Amino acid sequence: MRWSQAFIPTLKEDPADAEVASHRLMVRAGLLRPVARGIYTYLPLMQRVLLKVQRIVREELDRIGAVELVMPILSPAELWRETGRWDLYGDLMMRLEDRHDRAYALGPTHEEVITDLARQEVRSYRDLPVNLYQIQTKFRDEIRPRFGVMRAREFVMKDGYSFHADAASLAETYDAYVEAYGRIFERCGLGFRAVEASSGAIGGDENHEFMVLADTGESLVLSCGACGYAASEERAEGVPAAHDLPPGHAPNPLEEVHTPERKTVEDVAALLERDHRSFVKTLLFDADGTTTAALVRGDREINEEKLKRHLGVQRVEMASPERVREITGAAVGYAGPHTLPDDVRIVADYSLAGRGDLVAGANRTDWHVTGLEIGRDVEPDEWADLMTIVGGDPCPRCGAALEETRGIEVGHVFKLGAKYSAAMGATFQDEDGEQRPFLMGCYGLGVTRVVAAAIEQNHDEGGIAWPVPIAPYEVELIPLNMDSPEVVETAERLYESCRAVGLEALLDDRPDRAGSKFADADLIGIPWRIVIGDRGLADGVVEAAPREAKADVEKLPPDEAAALVRERIEARRR
RNA sequence: CGGGGCGUAGCUCAGCCAGGUAGAGUGCCGGCUUUGGGAGCCGGUGGUCGCCGGUUCGAAUCCGGCCGCCCCGACCA
């Protein structure tokens with residue numbers, strides 16, 4: 001491809017609205033242009049990268065026997081109502097109506113559509129397992145799209161779904177996907193880590209997230225250097241009774257203290273001169289319509305995902321201020337566990353087990369209590385692991401200190417079990433002639449997000465430095481002086497010989513000066529470059545160098561350069 | 001949804017406080033010169049100052065409403 005025809009609109013300056021490297025560089029390097037909030041046009045260079053990532057994905061999924069199909073972007077509300085997700089998905093799902101006032105959603109994912117297909121077409125255990133995937137545009141109406149393609153509303157995703165007669169078959173396919181994902185991310189040049197994760201809105205049992213480690217990632221990963229345990233923030237387990245405690249003390253009577261206008265642990269702790277750890281945080285949640293009080297030590301936070309799992313509910317959210325007043329008789333900020341109505345279920349985090357002389361809200365506006373003792377003044381209905389784990393907390397497997405790192409979620413695989421098939425009546429006939437719901441797995445991979453993650457991990461001040469397997473071109477030819485017939489003629493010959501040896505070459509045939517060509521080459525990040533200039537040609541050579549080590553210049557005869565660069569690239573691939 | 005910020009040339013921004021001919025750099029077009037890290041000189045193109053309304057002799061500037069974009073937060077009591 002000749003640059004003059006390639007449509008690569010590079011920018012000299014950073015766009016004002018981009019903060020992370022991948023977003024900034026994708027716009028500057030002519031990969032991406034915004035169309036609306038969280039919605040982008042993928043320019044030709046981006047499309048080439050996407051096609052390469054997709055090709056790798058297809059090759060690896062084909063290897064594990066997955067078969068590609070395409071489902072529609074638009075799906076009817078009825079399918080979503082069958083599983084209850086029409087309501088559950090909330091505003092994240094983009095809804096619209098056709099001319100007949102029928103309701104549809106822009107597919108944020110496709111479990112319902114594929115399960116509908118399976119229940120119509122798959123009848124017998126003899127047909128199982130079935131393993132299908134698609135690569136398709138998804139739409140999620142994110143609350144706050146940001147970071148360019150990293151959290152966009154419209155994005156490209158590979159989503160796979162498998163159907164099985166039994167758990168062993170599901171496990172086999174699940175494991176195959178985990179391995180295929182590993183190969184995909186490796187081939188894309190990404191440093192990643194598979195972690196235990198929360199299943200979020202998809203639901204199901206076992207699941208793993210694939211995280212690309214990057215400071216700009218939106219997810220938190222807790223990992224153990226000692227034993228290899230790794231989990232997402234939503235999932236990371238606490239260790240019961242393993243948390244450091246303030247010094248012990250004699251039992252004190254329960255007393256009310258006046259704490260006007262002090263609503264937060266921090267405010268009250270400052271007023272009473274008490275450690276945050278000697279507080280009980282009493283959080284009231286609305287869990288599928290019933291109110292639950294969740295208790296956690298004052299210096300820690302409740303992990304709503306864990307609470308949701310413990311309660312076995314679909315949704316938890318903080319109770320409204322009105323509801324809080326109704327239950328506690330006090331304004332928000334003064335809830336305590338000891339005088340709550342009997343019908344409020346109290347779940348306490350292990351960090352409070354056996355504790356005494358605690359500070360809590362008094363269920364009376366502007367008042368707290370001191371001397372609260374678990375067991376004497378309040379007995380929680382249940383104990384559970386509810387708190388959000390942070391770096392430094394002990395590893396639930398081996399006890400070593402966990403490390404906290406940021407990551408970009410690029411893949412997520414789930415064992416769904418019969419969640420969707422049972423809800424939708426998707427069954428098959430087993431060996432005994434019984435109708436049983438399919439066991440399902442689902443496997444997501446963010447194609448556009450992989451591209452962003454690759455840039456986050458592979459860039460410098462000058463621009464992108466693509467890993468070869470996903471680079472839009474493999475080599476960029478830079479004739480320095482388009483007015484020099486010898487330079488132009490050599491470049492053209494080299495361009496032809498690149499084609500002859502199967503190298504994807506971009507020829508910068510613009511009449512621009514050397515400096516601006518170099519700067520653009522750094523920016524768009526083609527992994528190899530060959531410079532053709534009068535200076536080198538005087539010695540009968542052109543100069544080849546990799547993007548990530550521009551100083552390692554090899555002087556090569558023009559007629560051999562293409563083949564030699566081809567060899568360098570192949571050598572690295574091995 | 002709440003809070004904050006921004007909206008002026010393709011891009012990055014100044015001008016607004018204190019109303020009076022719409023600017024800079026960069027890009028783009030033409031010319032000359034130059035040609036190994038975003039060159040130099042000369043000339044030029046390019047803007048309903050986000051939109052609507054109000055105040056005023058006069059509004060990019062002041063006031064009100066709306067729209068869009070960005071950032072922070074979205075209940076951790």
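Below, read A as the first sequence line, B as the second, and so on, with proteins coming before strands; counting in each chain starts at 1. Please read these numbers as outputs of a predicted model, since none were measured by experiment.
Base pairing annotation: B:rC32 forms a Watson-Crick or G-U wobble pair with B:rG40, both donor-acceptor distances under 3.5 Å. Across all strands shown, B:rG27 has no partner, as no Watson-Crick or G-U wobble contact with both distances under 3.5 Å is found. With a cut-off of 3.5 Å on both Watson-Crick or G-U wobble distances, the partner of B:rC6 is given as B:rG68. Searching all strands for a Watson-Crick or G-U wobble partner of B:rG53 with both distances below 3.5 Å returns B:rC63. In this structure B:rC1 sits in a base pair with B:rG73, meeting the Watson-Crick or G-U test at under 3.5 Å. If you check B:rG47 for Watson-Crick or wobble pairing at under 3.5 angstrom, you find it has no partner at all.
Rounded to the nearest Å, the gap between the C1' atom of B:rA59 and that of B:rC51 is 15 Å. On the P atoms, B:rA18 is 31 Å away from B:rG10, given to the nearest whole Å. Annotation: B:rG20 and B:rC62 have their P atoms spaced 11 Å apart (nearest Å). Nucleotides B:rG46 and B:rC29 place their P atoms 15 Å apart, quoted to the nearest Å. Using atom C1' as the reference point in both B:rU48 and B:rA22, the two lie 13 Å apart (nearest Å). Nucleotides B:rG50 and B:rG7 are separated by 6 Å at their C1' atoms, to the nearest Å. B:rC67 and B:rA9 have their P atoms separated by 22 Å, given to the nearest Å. Look at the C1' atom in both B:rG27 and B:rC17: the space between them is 32 Å, to the nearest Å.
Side-chain contact between A:Val296 and A:Leu386 is absent, with no heavy atoms from C-beta onward closer than 4.5 Å.
Across all strands shown, A:Thr388 has no heavy atoms under 4.0 Å from either base or sugar-phosphate atoms. At the heavy-atom level, A:Pro15 lies under 4.0 Å from the strands shown only through sugar-phosphate atoms. Contact annotation for A:Asp512: no contact, since no heavy-atom pair falls under 4.0 Å across all strands. Counting non-hydrogen atoms under 4.0 angstrom, A:Leu284 reaches a base of the nucleic acid. Using a 4.0 Å heavy-atom distance criterion, A:Glu543 is classed as a base contact. The residue A:Val324 sits close to a base: some heavy atom pair falls under 4.0 Å. Residue A:Gly536 is classed as a base contact, given a heavy-atom separation below 4.0 Å to a base.
In plain terms, the two heavy atoms of A:Asp267 and A:Glu261 that are nearest each other are OD2-O, 4.5 Å.
Between atom CZ of residue A:Arg529 and atom NZ of residue A:Lys517 there is a gap of 12.5 Å, rounded to the nearest 0.5 Å.
By the 6.0 Å and 45° rule, A:Arg449 does not stack over the aromatic ring of A:Phe155.
Phosphate proximity of B:rG38 to A:Lys12: absent, as no side-chain N or O sits under 4.0 Å from OP1 or OP2. Residue A:Arg37 places none of its side-chain N or O atoms closer than 4.0 Å to OP1 or OP2 of B:rG68. For the OP1/OP2 pair of B:rC70 and a distance below 4.0 Å, the side-chain nitrogens and oxygens of A:Arg146 include no atom meeting the criterion. Proximity of A:Arg513 to the phosphate of B:rA39: a side-chain N or O atom is located under 4.0 Å from OP1 or OP2.
Between the side chain of A:Glu13 and the base of B:rG10, no donor-acceptor pair under 3.5 Å is found. You'll find a donor-acceptor pair under 3.5 Å spanning the side chain of A:Arg28 and the base of B:rG38, going by distance alone. Judged by distance alone, with hydrogens and angles left aside, A:Asp520 brings a side-chain donor or acceptor within reach of the base of B:rG38, the pair sitting under 3.5 Å.
Residues A:Glu317 and A:Ala514 both approach RNA chain B. Their nearest nucleotides, taken by heavy-atom distance, put A:Ala514 toward the 5′ side. Closest-nucleotide positions on RNA chain B for A:Ala519 and A:Ala335 were compared, and the one nearer the 5' end corresponds to A:Ala519.
As rounded to whole Å, 16 Å separates atom P of B:rG36 from atom CG of A:Asp539.
Of the candidates B:rG36, B:rC69, B:rG73, the closest approach to any side-chain atom of A:Val531 belongs to B:rG36. Residue A:Met318 has its side chain nearest to B:rC75 when only B:rU12, B:rC75, B:rC71 are considered.
Within a 6.0 Å sphere centred on CD of A:Glu218, heavy atoms belonging to other residues, nucleotides or ligands number more than 12.
Side-chain atoms of A:Gln47 do not come within 3.5 Å of backbone N or O of A:Tyr42 as any donor-acceptor pair.
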Residue pair A:Thr216, A:Glu456: steps toward the side chain to side chain donor-acceptor pair (under 3.5 Å) verdict: CA-CA 8 Å; A:Thr216 46; A:Glu456 289 294 334; 2.8 Å; yes
